Structures are given as C-alpha cells and as structure tokens.
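Labels below follow one simple rule: chain letters A, B, ... track the order of the sequence lines, proteins then strands, and each chain is numbered from 1. Worth saying up front: this structure is predicted, and the values here are computed from it rather than measured.
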Number of protein chains: 2
Amino acid sequence: MTTIGEMGEDALIDLFAPRLPDTDAALLGPGDDAAVLSVDGNLVVSSDMLIEGRHFRREWSTAADVGWRAAMQNIVDIDAMGAVPTALQVMLAAPPDTDVEWVLGFADGLREACEPHGVGVVGGDLSGASEIAISVTALGETHGVEPVTRADAAPGDIVAVSAPLGAAAAGLALLTAGTGEGLEAIGLFLRPRPLIGAGLEAALRGATAMMDVSDGLLRDAGRMARASEAGLDIESASVPVHPAATEAGRVLGVGALAWALTGGEDHCLLATFPAGAFLPDGWTQVGVVTDGYQGVRLDGAIPDALGWDHFGA
Amino acid sequence: MTTIGEMGEDALIDLFAPRLPDTDAALLGPGDDAAVLSVDGNLVVSSDMLIEGRHFRREWSTAADVGWRAAMQNIVDIDAMGAVPTALQVMLAAPPDTDVEWVLGFADGLREACEPHGVGVVGGDLSGASEIAISVTALGETHGVEPVTRADAAPGDIVAVSAPLGAAAAGLALLTAGTGEGLEAIGLFLRPRPLIGAGLEAALRGATAMMDVSDGLLRDAGRMARASEAGLDIESASVPVHPAATEAGRVLGVGALAWALTGGEDHCLLATFPAGAFLPDGWTQVGVVTDGYQGVRLDGAIPDALGWDHFGA
C-alpha cells in the first residue's frame, strides 16, 4: 500500500481528478486556481462538513460510502431549495498515512452519487490533517423558479415530509449494537438515497417553506418554525416510519417512531404547503402550521428530545 | 469562558452569523439550506482548507488572523482568474472545548478581510472535530472578461510576478526561530495582503496565463509550465525580494532569496504576458516562457528544492 504522504500532493491529484464526475455546466473544471461554470438563473450554494469519528467511522463506511454521503447530503440541500444541483467543490483533509486507495475510493463514491443527477465535481482541495475532514460546497441554479426558504411557513399551511423517515437512524443503531448485518437500514445509513428532484417538484406545486431533514424531524421542524415565526404542530401518528426502520426496531426490540422523529441523515424533505394543496406523490402530511407559539410541538406538547447537536457529546 | 460544546450549534450560529460580512450579490444569505446569489457573467469558484498545526498555530495566530488568512487566500484565487470575488462559504470544524470567543474572533477576521473587497460570507457549516479544520469556497463572477487559466503560457511570453515575494516565509522563519517580534514579515505571514484586483487588471492587460503563488514561486511556476506544456525559465536575479524578507534575513543571518523562490503564502500573482507587453504597475518580469523542456528552470537549471507539499512532513 502507498500512503498519500509518500505519494505527494501533485501525484495524488493526478490520480484523483480523473475519477471525478463531469458536468456540462463546467466551462473549466478542476486543476486551475478556480473552476468556471455557466449559471442558468440565480446561483444556489450550500456547504456541509463530514468529520471522521463524528459523522462516519472507517470501520463502518467504505471510502466510497463516505464519498457518496458527502456528495448526497449536499446535493439534497440544493434540491431542498427547489433548485437544480449542478456541481460540487470537494475538500478532503486526511492523515499522511492514509492509503491512496482510500482517497481514490472516496472519489468513486462521489462519482456514484453525482453522476445520476448530472452533478460534477469541478474543484476542491487536498490537505494533510490528523483526522479525515471533508467539506463539500454544492452549487445549483434556479432556472427561474423562486427558491423556497424555510422562513415562509404560514399558519394554516399543511406540514409534510417527502418520504418515510428513520431508516438512517435505525441503521446507525444496528451498527452501534453490532447486529443486523445485511439489513436495509444499514445500507440506507451508509448511503442515504433521498429522491433528488423532489424539492423542485414541491416548489412547482407551491411549497411555501422547505428544508431537508438532516438533524431529525423535530429539531429541523423547530428550525423552520422559528425561521417562519410560526408553530409547526406534528402529529406523531401521521409520521411515516420507513419499513427498514420498523424492521430494525423488531431486531433490536424497540419502537421505530423515535428514529423517525429525532434521527437525522435520511435527508428527506420537510415542507409546508397551502391548506388544501395537492401533495406531490410520495409526500405525507404530518401536521399543520399554527400561530401563537413559535416552535415545534408534538401531539400538542413541546418535545424534550429534539435530535442531533453537532457539538454534542 | 464558554465553550462551543456548552453553547450548542444553534446558539453559536446566532452569535456567529451577525458578525459576517454581507454582499450585494446575496439574494438570500446565511441561515437556510442554501444561499442564493445573482451572478453577472459566468461563475468562478475555488476552495482551500486551513488545518490547525499545518497551516496555522493558535499560539502564533489570533482567531482573527486565521479568519483573515482563510478569507484572503481564497479571495486571491478568484482574482488570479481575472474575476471579481463576491462571496465565501465558510466551514469551520473545531473541538467542543474551543472558546466561543475564538469562533467569534474568527468571524471578525473573515469580515476584516472581506469587507474592503465587497465580499460577503453567505453560508457555511459549523461542526465539532478534534482539531480546527477550516474550509472556504470562494465565489466570483467574470463580468464578461475571459478567465485566465494557468494553461496558456506560450513560448516567448514574459513571466512576471505582481509584487515582491518572500515576506510570509520570512515571517514564518522568524516565528519558528522565536525572534523578530514586531517585524513586518511576521505581520505579513499572519495576515497576507495581496493586492486584490491585480488579477483583473492583468487579465485586461492581456495576461496569457495566471495563478497565485501559494506554494512557492518555483513550485507554482512548475505547475504553470506543466499545465501550459512549456518551460518557465526564471532568473533568480530578477525575482523581487520583499523588503520585509530582507530585513528578516538580516536578523536571522541568512539570505532572503530562498524565501522569495520557495516560500508560499504571500499570495502574489504569477502571470505570463505576450513579449513586449506593458506590465501593470507593480509587476516585475522574472523570466521567459520557452519551448522544449516542460517545467521550471532557475538560471538555466532544474531546481532541486521546490517548495511546499501539503502532505509533507
């Protein structure tokens, strides 16, 4: 095995760059001081980090799994605005003793996640570090559709989610318990598979507010509520639980609803629509927007466990 | 003192975001899944990382110094394309025991570096980590000026740099030696001050290839040479040495030329211009582009010490 420290930066880039996906939007791709992109409409831009030991573990995730997650969780942020994702900038810091093969596998995962959506990796940076730290900036374009923020949920609106929830959290619980090998939830934790394009469809159907559920339904609904200066009242019985979470719950002897309410990383969408709106296929109403209290309520009460804090223990 | 782990992500963002600089280009700033920007012309995008212990040390750099460097080294990448920088995405990972004041000081440094150039911080991410890792993606726009890559240097062109070199490397040498307190070179290492706009001016003056000198003149000239499939022949006697480097050399009893040739992080520009071109103010010819050998030569020979490798010891 060759390490990235032995190989050096320039030689590593020469191996890494050809594995990255292209995009038609790139007028100039990786390898210069900057990439150059054409943009149709306005630019939509979002960034997320993945830190080893906090957001992934190398004993659970292959390098390609990590690349997949890094790409997908950023692509979905663009979709969650109702915009079309086009390109990623990917920054990877890794210890000098990291196997070159790991870095190339990471590139393969980026490509596997991006290519079906026409998203390219147009640039980034490679650096040494004492732990693996990945940062991705995703770029998209609006094509004339007004972006849907999280700040315009209005009292009386329907609250809905784009897909059943809890599979990723259930997969994490199985891995933590060291059981459930081969179950679907583990696969969905390692490679989240949100339906890209659901956000654009929701925007075209008149969604008033939208965001992706990255830190858990209740926590993210609370953020939407505060941004919109409204209340989001969620009814637990309406929350669609992913069958893979239910299956994992049976294996672990616990209920799956808590994963659906507080587990993050499914990266489904949370959105509000005007009362009486015809929801897009696959969406489920989980509550209503209220005035008065500005925050999230579950079955009429303020929930005490909200979800994931990025600085928490 | 309060740590970021005690404060939690949402409360920290509430303190952090208001300190960030705005930009007129932002139709939607921080706080949503993504920011939305208008783009005049094509989009130019670049990314860089700063890792604690590799790119900065907290005993040398204040939090604001680190924020300044993170912003400036990315802004200059946009300028090095001949484009106009508009906005940054900033991702900060830090240990949970990091003082909240450090993170707020970091935001202040970002603002101090960005505001004079009308550059805003429009989004990003905060995460826990075991060491501080900063990633910045810089965005700019072309305003109809064709971007200048590093790949179009042509035999017969003049090779030039935008400013005297070596101050940052000299400052690092002083800090490493534990001497020279108060000398200008240290200040220029902690807060590089490239002239933003020099790249756009060079583009308008017909620069054929351009890049910023981030890893040392010889290493970066070698990259330009390989990208352009040409030779860059540098004449050491022509390389302008920054007076602050000369001063530091006197203090340390060494010559300053090596810093100018192999020291990175001044973030001046390296560019080629057609023979006979009238160089913009402040630029100095340091060599010529040749055919035959594809790489950098110094005084006619292949140099053995090139500069900084990001995975090196």
Q: What is the distance from atom CG of B/Asp32 to atom CE of A/Met81, rounded to the nearest 0.5 Å?
A: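 Reported to 0.5 Å precision, the distance equals 4.5 Å.
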Q: By a 4.5 Å heavy-atom criterion (distance strictly below it), what part of A/Ala227 contacts chain B: side chain, backbone, both, or neither?
A: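 For A/Ala227, there is no contact with chain B at all, as no heavy atom is under 4.5 Å.
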Q: Measure distances from B/Val122 to the heavy atoms of chain A and classify the residue's part below 4.5 Å as side chain, backbone, both or neither.
A: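 Just its side chain gets close to chain A.
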Q: Closest approach of A/Ile51 and B/Gly128, non-hydrogen atoms and distance?
A: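 So the minimum-distance heavy-atom pair works out to CG1-O, 3.4 Å.
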Q: Determine, step by step, whether A/Met210 and B/Asp33 satisfy the side chain to side chain contact (heavy atoms under 4.5 Å, CB included) criterion, reporting the C-alpha distance in whole Å, the side-chain angles of both residues, the deciding distance to 0.1 Å, and the verdict.
A: CA-CA 9 Å; A/Met210 187 157 56; B/Asp33 290 277; over 6 Å; no
Q: For the CG atom of A/Asp125 and the CG atom of B/Asp48, what is their distance to the nearest 0.5 Å?
A: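 One finds 4.5 Å between CG of A/Asp125 and CG of B/Asp48.
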Q: Using heavy atoms and a sub-4.5 Å threshold, report which of residues 136-143 of chain B line up against chain A, by residue number.
A: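 Against chain A, the residues of residues 136-143 of chain B that fall inside the cut-off (heavy atoms, under 4.5 Å) are B/Val136, B/Thr137, B/Leu139.
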Q: Minimum heavy-atom separation for B/Arg54 and A/Ala129, please, with both atom names.
A: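 Reported closest heavy-atom pair: NE-N, 3.3 Å.
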Q: Using non-hydrogen atoms only, which part of A/Leu28 is less than 4.5 Å away from chain B: side chain, backbone, both, or neither?
A: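 Just its side chain gets close to chain B.
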Q: Strictly below 4.0 Å, N to O, side chains only: are B/Glu9 and A/Arg223 in salt-bridge contact?
A: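 So B/Glu9 pairs with A/Arg223 through a salt bridge.
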Q: What's the shortest heavy-atom distance between B/Ser127 and A/His55, and which atoms?
A: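 Of all heavy-atom pairs spanning B/Ser127 and A/His55, the closest is OG-CE1, 3.0 Å.
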Q: Tell me, please, which residues at least two apart from A/Glu52 pass salt bridge (charged side-chain N to carboxylate O under 4.0 Å, His left out).
A: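 For A/Glu52 the salt bridge (charged side-chain N to carboxylate O under 4.0 Å, His left out) partners, ignoring immediate neighbours, are A/Arg58.
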Q: Tell me, for A/Leu27 versus chain B, whether the close heavy atoms (under 4.5 Å) come from the side chain, the backbone, both or neither.
A: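 Contact with chain B: side chain only.
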Q: Below 4.5 Å, heavy-atom pairs only: which of A/Ala35, A/Ala151, A/Gly123 has the largest tally toward chain B?
A: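 With the most close heavy-atom pairs to chain B, the winner is A/Ala35.
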Q: Step through the shown structure and confirm whether more than 12 heavy atoms of other residues, nucleotides or ligands are within 6.0 Å of CG on B/Asp14.
A: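 It does: B/Asp14 CG has more than 12 such atoms within range.
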Q: Minimum heavy-atom separation for B/Met49 to A/Ser135, with atom names?
A: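 Shortest heavy-atom separation between B/Met49 and A/Ser135 comes out as CE-OG, 4.4 Å.
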Q: Looking at A/Gly124, A/Ser130, A/Ser38, which has the largest count of heavy-atom pairs under 4.5 Å with chain B?
A: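 Top count of heavy-atom pairs under 4.5 Å with chain B: A/Ser130.
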Q: Which one of A/Val44, A/Asp77, A/Val45, A/Asn42 has the most heavy-atom pairs closer than 4.5 Å to chain B?
A: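 When all of A/Val44, A/Asp77, A/Val45, A/Asn42 are compared, A/Val45 has the most.
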Q: Could you report the tightest heavy-atom contact between A/Gln89 and B/Ser47, atom names first, then the distance?
A: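 Closest pair (atom of A/Gln89, atom of B/Ser47, distance): NE2-OG, 2.8 Å.
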